[in-house]
Amino acid sequence: MLDPQLLRQNLDDIRERLESRGYTLDVSSITDLESRRKALQSKTESLQAERNEASKRIGAAKARGEDPQSILDSVATIGDQIKDFQLELTGLQESIHEIYSGIPNLPHESVPIGTDENDNQEVRKWGSPAKFDFEVKDHVDLGADLGMMDYEAAARLSGSRFVTMRDGLARLHRALAQFMLDLHTREHGYTETYVPFLVAPEVLYGTGQLPKFADDQFSTQDDPPFYLIPTAEVPLTNLVANQIIEADDLPMLKVAHTPCFRREAGSYGRDTRGMIRQHQFEKVELVHIVEPNQSYDALEKLTGHAEAVLQQLDLPYRVITLCTGDMGFGAAKTYDIEVWIPSQNQYREISSCSNCEAFQARRMKARWRNPESGKPELLHTLNGSGVAVGRALVAIMENFQNSDGSISVPQVIRPYMAGMEQIRLGEG
RNA sequence: GGAGAGGUGGCAGAGUGGUCGAAUGCGGCGGUCUUGAAAACCGUUGAUCCUCACGGGUCCGGGGGUUCGAAUCCCUCCCUCUCCGCCA
């Protein structure tokens, strides 16, 4: 959520800045609602003040043994009036809050203006795609030929966009997550964190998935429902919801390995083949909780930590800055890291690193005590994949495939697989 | 799932209808004393909304009710703890 004060005072300016991300702010209805709210609020509050004052006089009169009847008469109807006003005021405030909750974050000034992914800017490239002297297979064929990856079996259990794996591939998948966790905790200073995979609705509100993106989430039928986390960003970031963090405890760097669940509504027909886009996948997620003036430094560091994973795995990638039109709802600035996928002859997203500034913190009421002011102030939150495990598996399978259909295990992963150097047919 | 106890400021803990946003202690901050520190003593110390400001409103787990007035009474939901049952 944007700062309501800022919003009220700079409506036109903010409308203009949001225009760059393809969002049209309804200035006139906001102006209208706000002016009605303002009038009603001051009217209600002065009535409350009047009642409080009279009630005190009644108490004082009784204490002196006097008859308070005349004061009682004078406030006989005030309670009902207040109730009516409050009802209307609450309604107005809810409408305003609903509108504000649906407004995306303001892009940072360094974000390129653009409408879609074609306007994203490449920041840097690392490594160079390997040259193959044979016809490359995609990970689906590689996995099937090894007998270790079966989409039909998964479909019999759960329908489309699920996978089953066995033997070497299942193990490689697990090893990748272990490797990433160890790298981030041992070398990048993150605290390994275990979190719930089912969360309450207000938790999804805090990070911005609700109310606008309810259709993308899986939920249970309980009342209130539990939501299956679409990313560990949700529970990790919400750990500071409704908290006031001491300056000494910042920055907080958290890492978690979790399954992620997404409906993928609206992506029909996209990436239907293989593991790129699934209803269930695993991800190692990085979250930074920082004081505001550190957040852009933190974004560079966070992105670097995700890149380190790919560098150690020796996977070629590039980093791009998302343009205003391609950014997610809560982000002020986002770097995507894209890994080389040989079968598609292109780079595909494997990590997305965002600075949300105070956007999520305001929704979550996540604050820190600024030593300079002594007052609680909003934190800045950042998140990034470090990295998507399923897509890393795809990238390794395709980039490390050999002409005989076997897959070489990257050096850094071998200790996690009892020294195994290759995954090949008939060997578990 | 059953039975019981309980949710009050950073923490502990009083407060059962009226100047209670809340005693007291601890902690934090400032000061006196000290070469410095500790101890002792004094002072100070919740969050949030509206307002340029003055000032005012709201908050004692959430929601609702009774009342001129609710931390306090009633209803309801949630959570925590203890015991039993079940379970990994």
Side-chain angles (χ1 to χ4, degrees), chain A residues 1-11 30-101 194 196-206 210 220-227 235 238-250 252 259 358 361-379:
Chain A
M1 192 155 78
L2 299 180
D3 182 355
Q5 308 228 26
L6 193 77
L7 201 53
R8 281 175 211 138
Q9 287 156 20
N10 309 289
L11 256 183
I30 290 177
T31 313
D32 176 53
L33 282 169
E34 280 286 6
S35 70
R36 280 162 59 201
R37 189 219 90 231
K38 211 175 197 174
L40 195 57
Q41 181 162 344
S42 63
K43 205 156 63 175
T44 308
E45 289 184 358
S46 63
L47 220 50
Q48 283 174 317
E50 199 182 312
R51 182 193 63 190
N52 290 344
E53 190 270 335
S55 292
K56 280 184 181 173
R57 284 195 350 249
I58 292 168
K62 282 192 168 177
R64 288 194 304 267
E66 297 167 10
D67 180 10
Q69 193 54 48
S70 62
I71 314 174
L72 276 170
D73 292 342
S74 73
V75 289
T77 58
I78 202 168
D80 290 334
Q81 280 182 57
I82 289 174
K83 217 167 274 181
D84 289 347
F85 280 142
Q86 270 176 338
L87 200 69
E88 199 184 336
L89 181 61
T90 306
L92 264 179
Q93 282 170 333
E94 275 169 8
S95 313
I96 290 171
H97 189 260
E98 204 178 306
I99 292 176
Y100 287 2
S101 297
Y194 180 81
F197 306 154
L198 296 173
V199 297
E202 57 269 27
V203 172
L204 264 90
Y205 175 82
L210 291 184
T220 70
Q221 290 184 13
D222 301 81
D223 184 26
F226 287 107
Y227 283 88
N238 275 280
L239 283 171
V240 293
N242 300 304
Q243 306 283 311
I244 300 173
I245 307 295
E246 295 304 326
D248 289 348
D249 296 326
L250 296 174
M252 296 168 81
R362 187 170 293 108
R363 290 172 162 248
M364 295 189 299
K365 298 183 176 60
R367 292 161 294 168
W368 69 300
R369 196 170 295 280
N370 185 344
E372 283 177 30
S373 64
K375 289 284 170 195
E377 294 173 12
L378 292 171
L379 287 158

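Protein chains get the first letters and strands the later ones, always in sequence-line order, with residue 1 at the start of each. No experiment lies behind these values; they were computed from the predicted model shown.
In this structure, B:U82 and B:A3 make a Watson-Crick or G-U wobble pair, each of the two defining distances being under 3.5 angstrom. Pairing partner, B:C54: none, since no Watson-Crick or wobble contact has both distances short of 3.5 Å. Pairing for B:U44 is with B:G28, a Watson-Crick or G-U wobble pair whose two hydrogen-bonding atom distances lie under 3.5 Å. Using Watson-Crick or G-U wobble geometry with both donor-acceptor distances under 3.5 Å, B:G17 finds no partner in any strand shown.
Rounded to whole Å, atom C1' of B:U48 lies 15 Å from atom CD of A:E377. For the pair A:N242 CG and B:G62 C1', the interatomic distance rounds to 13 Å; values are reported in whole Å. Spacing between atom CD of A:E246 and atom P of B:G27 amounts to 16 Å, rounded to whole angstrom units. Per the geometry, CG belonging to A:D80 stands 13 Å off C1' belonging to B:U66, to the nearest Å. B:G56 atom P lies 16 Å from atom CZ of A:R51, rounded to whole Å. Nucleotide B:G57 holds its P atom 19 Å from the NZ atom of A:K83, rounded to whole Å. As rounded to whole Å, 13 Å separates atom P of B:C78 from atom CD of A:E202. Remark: P of B:U58 and CD of A:E45 are 8 Å apart, rounded to the nearest angstrom.
Remark: the backbone N or O of A:L204 is not paired with any side-chain donor or acceptor of A:R363 at under 3.5 angstrom.
The gap from the P atom of B:G21 to that of B:G57 amounts to 10 Å, rounded to the nearest Å. To the nearest whole angstrom, the two C1' atoms, one in B:G64 and one in B:C78, are 14 Å apart. Atom C1' of B:A70 sits at a distance of 15 Å from the matching atom of B:G63, rounded to the whole Å. Comparing B:G27 with B:G10, their C1' atoms sit 7 Å apart, to the nearest whole Å. Taking atom P in both B:A23 and B:A14, the straight-line distance is 15 Å, to the nearest Å. Taking atom C1' in both B:C11 and B:G28, the straight-line distance is 11 Å, to the nearest Å. B:C50 and B:U34 are spaced 49 Å apart, taking the C1' atom of each and rounding to whole Å. Distance noted for atom P between B:G18 and B:A40: 37 Å (whole Å).
Contacts of A:A54 with the nucleic acid, taken as non-hydrogen atoms under 4.0 Å apart, are absent. As judged by a 4.0 angstrom heavy-atom cut-off over every strand, A:K365 is placed among residues making no nucleic acid contact. When heavy atoms are screened at a 4.0 angstrom cut-off, A:R57 is found touching no nucleic acid atom at all. Across all strands, A:Q5 comes closer than 4.0 Å only to sugar-phosphate atoms, never to a base (heavy-atom distances).
Taken to the nearest 0.5 Å, the CG atom of A:D248 stands 12.5 Å off from the CZ atom of A:R369. If you take CG on A:L378 and CG on A:N370, they are separated by 11.5 Å, rounding to the nearest 0.5 Å.
The shortest distance between the side-chain N/O atoms of A:N52 and the OP1/OP2 oxygens of B:U58 is below 4.0 Å. Listed pair A:R369 / B:A47 meets the phosphate criterion, a side-chain N or O lying under 4.0 Å from OP1 or OP2. Side-chain nitrogen and oxygen atoms of A:K38 include at least one within less than 4.0 Å of the OP1 or OP2 phosphate oxygen of B:U51. Between B:C50 and A:R37, no contact under 4.0 Å exists linking OP1 or OP2 to a side-chain N or O. Distances shown here put every side-chain N or O of A:K62 at or beyond 4.0 Å from the OP1 or OP2 atom of B:U19. For the pair A:R362 and B:U48, the criterion of a side-chain N or O lying under 4.0 Å from OP1 or OP2 is not met. Within the structure, a side-chain polar atom (N or O) of A:R8 is placed less than 4.0 Å from OP1 or OP2 of B:C50.
Annotation: of the two residues near RNA chain B, A:Q41 and A:A49, the 5′-most nearest-nucleotide partner is A:Q41. Taking for each of A:E50 and A:G59 the nucleotide of RNA chain B with the nearest heavy atom, the 5'-most of the two is the partner of A:G59.
Using a 4.0 Å cut-off between charged side-chain N and carboxylate O, A:R37 and A:E34 make a salt bridge.
Checking B:A47, B:C49, B:G18 against every side-chain atom of A:K375, the shortest atom distance belongs to B:A47.
In terms of polar N and O atoms assigned as donor or acceptor, the side chain of A:Q48 never comes within less than 3.5 Å of the base of B:G57 in a complementary pairing. At a cut-off of 3.5 angstrom, the base of B:G18 holds no donor-acceptor pair with the side chain of A:K56.
For the pair A:I245/A:V240, a side-chain contact is recorded, criterion being any heavy-atom separation below 4.5 Å from C-beta on.
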Would you please test A:I30 and A:Y100 for side-chain contact (heavy atoms from CB on, under 4.5 Å) and show each step?
CA-CA 9 Å; A:I30 290 177; A:Y100 287 2; 3.8 Å; yes
Step-by-step side-chain contact (heavy atoms from CB on, under 4.5 Å) determination, A:Q48 to A:E45
CA-CA 5 Å; A:Q48 283 174 317; A:E45 289 184 358; 3.8 Å; yes
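Looking at A:R51, A:K56, A:R57 one by one, the single match for side chain to side chain donor-acceptor pair (under 3.5 Å) with A:E53 turns out to be A:R57.
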